[in-house]
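Notes follow the structure.
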Amino acid sequence: MGWWHELRYVARRLDRRRAGEELEEEIRTHLELEAELNLEAGMSAEEARRAALRAFGNVSLSKEDSRTVWGFRSMEMLWQDLRYGLRMLAKNPGFTAVAVIALALGIGANSAIFSVVNTVLFRPLPYKDPERLVMVWEEGTLEGFPINSASAANYLDWRDQNQVFAGMAVIGRASFNLTGVGEPERIDGRRVSASLFPLLGTEPQLGRAFTAEEDSSGAGRVVVLSHGLWLRRFGARPDIIGRPLTLNGEAHEVVGVMPPHFQFPSRDDQLWVPIAFTPQQAANRGNNSFEVIARLKPGVTRDQAESEMDAIAARLRRQHPGVVKSDGSVIIPLHEQLVGDIKPALLVLLGAVGFVLLIACANVANLLLARAAVRQKEIAVRLALGAGRRRLVRQFLTESVLLSVIGGAVGLLLALWGVNLLKAFIPKNVSQVAAVAVDANVLTFTLAVSLLTGLIFGLAPALQASRFNLNETLKEGGRDSAAGRRGNRLRSLLVIAEVAISLVLLIGAGLLVNSFLRLRNVDPGFRADNLLTMRIALPAVKYPDQPRRAAFYNELLGRVAALPGVRSAAVTNWIPLTLQGDTFGISVEGRPDPGPQERPDIVTRVVSPGYFGTMGIELSRGRPFDERQDRADSAPVAIISETMARRLWPGEDPLGKRLRPGGPDSVAAWITVVGVAEDVRQFELTAAPRLQMYLPHVQATFFVPSHLVVSTQVEPLGLAAAVREAVWGIDKDQPVSDVRTMEEILSESIARQRFSMLLLGIFAGVAMLLGAVGIYGVVSYSVTQRAHEIGVRMALGARRGSVLRLIIGQGLKLVLIGVAVGIAAAFVLTRLMESLLFGVSATDPATFAAIPLVLVAAATLASYIPARRATKIDPIVALRYE
Amino acid sequence: MKQEPASQEQIDLLQGTLDLLVLRTLLLGPTHGHSIAHLIQQSSGDVLRIDHGSLYPALQRLERRGWIAAKWGTSENNRRAKYYRLTAAGRKQLVAETTKWERLATAIGRVLRPVPEEG
């Protein structure tokens with residue numbers, strides 16, 4: 001049996017050392033025998049030996065080939081190469097450190113960003129068949145916005161008339177005061193239809209979801225808790241099912257608890273109650289505050305669904321002319337809904353971080369090329385000894401991949417730290433942020449990138465090094481040979497590429513910084529510093545009407561204003577820049593009604609008289625609200641914004657004009673304009689101010705103030721405890737929540753832009769650093785190479801200055817070419833990030849002019865250091881050293 | 001005295017052919033590498049001069065295939081040397097390869113047959 005022999009053969013040679021010794025001995029014996037023959041034939045001892053060797057041929061080749069037969073040769077060679085590579089790296093700690101750092105930065109940054117992208121963009125949502133889940137929006141029913149939340153009546157018609165959805169559910173916002181279990185707490189939750197949980201496909205961990213009967217008006221009140229809430233407030237007690245909870249003063253029976261990590265729709269929602277439309281609500285086509293989620297039937301596409309919904313909308317418009325305003329529906333896949341905001345920024349960052357890695361590769365490739373030039377002698381000897389070129393290339397590649405895997409391992413550590421940092425900066429509303437982690441996917445990615453990187457930057461030096469003229473190298477002593485010159489060209493090209501890529505990143509970062517600064521400088525319309533805000537939502541059960549509410553607020557404002565350190569205080573329904581607010585359409589007195597679609601949509605705030613003073617909102621005309629003048633029983637008044645004044649009464653004085661909510665058949669009283677205030681950014685700093693108006697809260701009873709704002713003379717948060725005490729002094733069961741300073745709110749509103757700017761800035765900085773190091777390396781190496789030439793120049797009388805100019809000039813030449821290429825590339829590429837910019841064009845001339853200057857300055861510095869070294873060359877030493 | 005006669009040619013041997021020659025040489029009896037080298041040279045009438053070094057990989061190959069077996073022993077002049085001998089499988093292989101080679105040589109010879117002279 002042949003295989004039996006083969007097995008024994010291979011097994012006997014597994015001890016490589018012993019097998020090697022035997023082979024040595026065998027060949028040695030052969031040579032001795034041959035030498036003896038030669039001696040007998042009359043040669044001298046020396047001649048005999050040499051003749052024996054000649055007759056033998058290439059000894060090491062013979063040994064190599066013999067060893068190949070022993071088997072596992074590739075593995076053995078790989079192992080050999082690895083050990084050799086490690087030794088080489090250890091022998092050159094400086095080189096190794098620089099290369100590993102560059103690679104760690106590049107690979108680590110990539111892994112960190114990939115962790116985020118992997119989870120936020122790619123991880124499927126934790127529901128059943130999440131790719132079939134979509135959100136359905138009304139189209140064209142809100143001025144200035146392409147989509148709008150649905151009204152109850154529209155939702156019900158959609159649900160009953162469609163053929164494209166396997167199920168639909170509706171969600172409304174809700175906030176609850178939880179009382180009766182220790183400290184009162186304000187909890188965010190949702191009112192949902194009974195169809196929601198089956199639609200999502202997630203089973204409760206305990207108990208059950210709602211039944212259809214419970215989802216009707218007048219049914220007994222039930223609630224489903226989130227796992228987090230159950231853990232936090234109820235100690236995960238197993239008998240929670242059936243227990244009553246007091247929410248907003250009413251008893252709710254707990255029927256279910258959701259599993260851990262379940263969230264819908266956002267992390268902050270901690271409980272769900274049935275939406276239970278009243279008949280009035282169900283018939284209302286104007287209460288657009290409900291979000292609709294649906295599951296597409298198998299095989300139905302988004303476009304098909306949209307067509308169907310458009311058809312339904314057309315039908316509804318025909319059936320209810322003048323009431324139904326919608327043009328149709330816009331259907332957005334749920335996943336896109338939750339991450340659409342941050343996707344462009346993440347993609348830009350992914351691209352940027354790829355660039356950084358390329359720069360790191362170029363740097364390390366340069367380092368390797370320099371090293372290869374130094375190792376020419378070693379390579380020459382090995383080639384002469386019979387090593388095949390392929391073998392050499394393989395060995396160099398092994399070294400490169402070893403280097404990049406080490407760099408990748410360090411990079412992974414960097415990424416672990418970086419991911420935690422990133423998570424803190426990602427805007428809060430991005431879904432699944434909590435799940436971002438360095439997981440198996442990221443590890444695989446890092447490994448793949450490391451290997452690939454090693455091959456990329458290693459290939460050129462490996463090929464370069466192993467291909468050259470043996471003769472030439474051995475003769476010329478390895479310096480300034482033609483091979484060296486060829487290497488130089490490649491290295492120069494790499495530096496040019498590095499500079500170009502760094503410039504692109506720097507310009508991108510510069511644009512974002514510019515953008516962010518402009519954003520920060522947008523005047524929000526109010527004074528944001530030293531302003532404390534908090535939410536004090538009075539439950540309807542305890543404060544069912546306007547007078548009782550007003551009494552509470554008056555008492556509260558009185559107590560708070562009396563606190564030391566408080567300048568003034570006021571209440572309002574919603575705070576600017578929190579993306580929350582109500583609008584309604586109005587009619588202007590004396591103007592024909594343009595129809596429900598065209599009526600101006602006004603952002604409405606109900607406030608106490610001290611609001612304008614507290615928020616620092618200036619009035620340009622008229623008067624602020626006054627406690628004595630504007631009472632519940634006096635004429636309704638309003639203060640409008642400047643834009644609203646300009647839009648509705650262009651060229652006229654708006655004071656004294658009248659308007660009212662609703663259309664021509666509205667029963668609301670006419671409201672008189674008594675003042676004009678400066679525009680406030682109510683929703684987003686990036687958007688133009690919307691039409692907005694203020695009403696006194698004692699008059700506008702259909703809106704309820706729920707937020708307190710306090711202008712302080714000291715650090716706002718320091719007063720939070722005192723204000724809370726003031727609230728509890730009036731009503732000990734009143735929850736106080738969302739205590740934040742206006743500065744925090746402002747800062748959070750531009751979190752996304754800050755995130756992009758910081759990250760791109762960091763990457764660009766790293767890129768520039770790497771680029772500078774690259775330039776330093778090339779210039780430094782060239783100084784070493786040309787030491788002889790410089791020595792000659794100086795001996796012939798060249799002055800320091802001219803040598804400096806010579807060397808720096810060489811570096812600058814590369815940089816200028818790189819900058820030219822970089823500017824051209826940036827011109828094209830920055831268009832890709834247009835959606836991230838604010839107030840700055842993608843080809844902003846100032847940025848494009850300033851950034852290259854910065855880069856050139858850095859490059860000059862990087863060239864200066866080795867240039868200075870060149871001037872210190874002692875001409876005599878240089879001339880002597882050949 | 002070993003000389004390099006000017007009229008001799010050094011012929012490059014293919015691996016497989018070398019293996020065959022080694023097997024044939026060992027037919028005469030077990031011996032070590034150095035002696036194999038000289039035996040091949042001598043039997044070929046000094047035509048075939050191989051680099052001695054190329055023998056050793058060949059010996060490893062043959063040993064791996066099980067056609068030869070190795071054992072350490074002592075040489076004429078009391079040196080430790082590795083002795084190789086032909087195995088039964090090796091013998092079979094030798095016969096098979098020799099037959100193939102002869103057939104090949106005959107065929108080539110037929111193709112290269114000199115053109116019959118006129119006359």
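Computed from a predicted structure; not experimentally measured. Lettering follows sequence order; numbering is per chain, from 1.
Options A:D65, A:T68, A:L61 differ in how many heavy-atom pairs under 4.5 Å they form with chain B, and the most are formed by A:D65. The greatest number of non-hydrogen atom pairs below 4.5 Å with chain A, out of B:G66, B:A70, B:P57, is found for B:P57.
Using a 4.5 Å cut-off between heavy atoms, B:W72 contacts chain A through its side chain alone, with no backbone atom that close. Contacts between A:E64 and chain B at a heavy-atom distance below 4.5 Å are absent for every atom of the residue. Only the side chain of A:Y9 comes within less than 4.5 Å of a heavy atom of chain B; its backbone N, CA, C and O stay farther away. Heavy atoms of A:E40 lying under 4.5 Å from chain B are absent altogether.
Between B:Y56 and A:H30, the angle of the ring planes goes over 60°, which puts this pair in the perpendicular group of the 30/60° scheme.
With a 4.5 Å cut-off on side-chain heavy atoms, B:H32 and A:T29 do not count as touching. Annotation: side chain of A:E36 is in contact with side chain of B:R79 (closest heavy-atom distance under 4.5 Å). In this structure the side chain of B:R65 never reaches within 4.5 angstrom of the side chain of A:H5, judged on heavy atoms.
Within a 6.0 Å radius of CZ in B:R24, other residues, nucleotides and ligands contribute 12 heavy atoms or fewer. More than 12 heavy atoms of other residues, nucleotides or ligands sit less than 6.0 Å from atom OH of A:Y84. For CZ of A:R50, the number of neighbouring non-hydrogen atoms (other residues, nucleotides, ligands) closer than 6.0 Å is 12 at most. Other residues, nucleotides and ligands place more than 12 heavy atoms under 6.0 Å from the CZ atom of A:R73.
Closest approach of B:Q60 to A:S66, counting heavy atoms only: CG-CB, 3.9 Å. For the residue pair B:G53 and A:S62, the shortest heavy atom distance occurs at O-OG, 2.8 Å.
For the atom pair NE2 of B:H38 and CG of A:L33, the computed distance is 8.5 Å after rounding to the nearest 0.5 Å.
Below 4.5 Å, heavy atoms of chain A meet heavy atoms from B:A81, B:K82, B:Y84, all part of residues 81-92 of chain B.
Under a 4.0 Å N-O distance rule, the pair B:R64/A:E6 qualifies as a salt bridge. A salt bridge is defined here as a Lys NZ or Arg NE, NH1 or NH2 lying under 4.0 Å from an Asp or Glu carboxylate O, and A:R13 with B:E63 meets this definition. Using a 4.0 Å cut-off between charged side-chain N and carboxylate O, B:R80 and A:E26 make no salt bridge.
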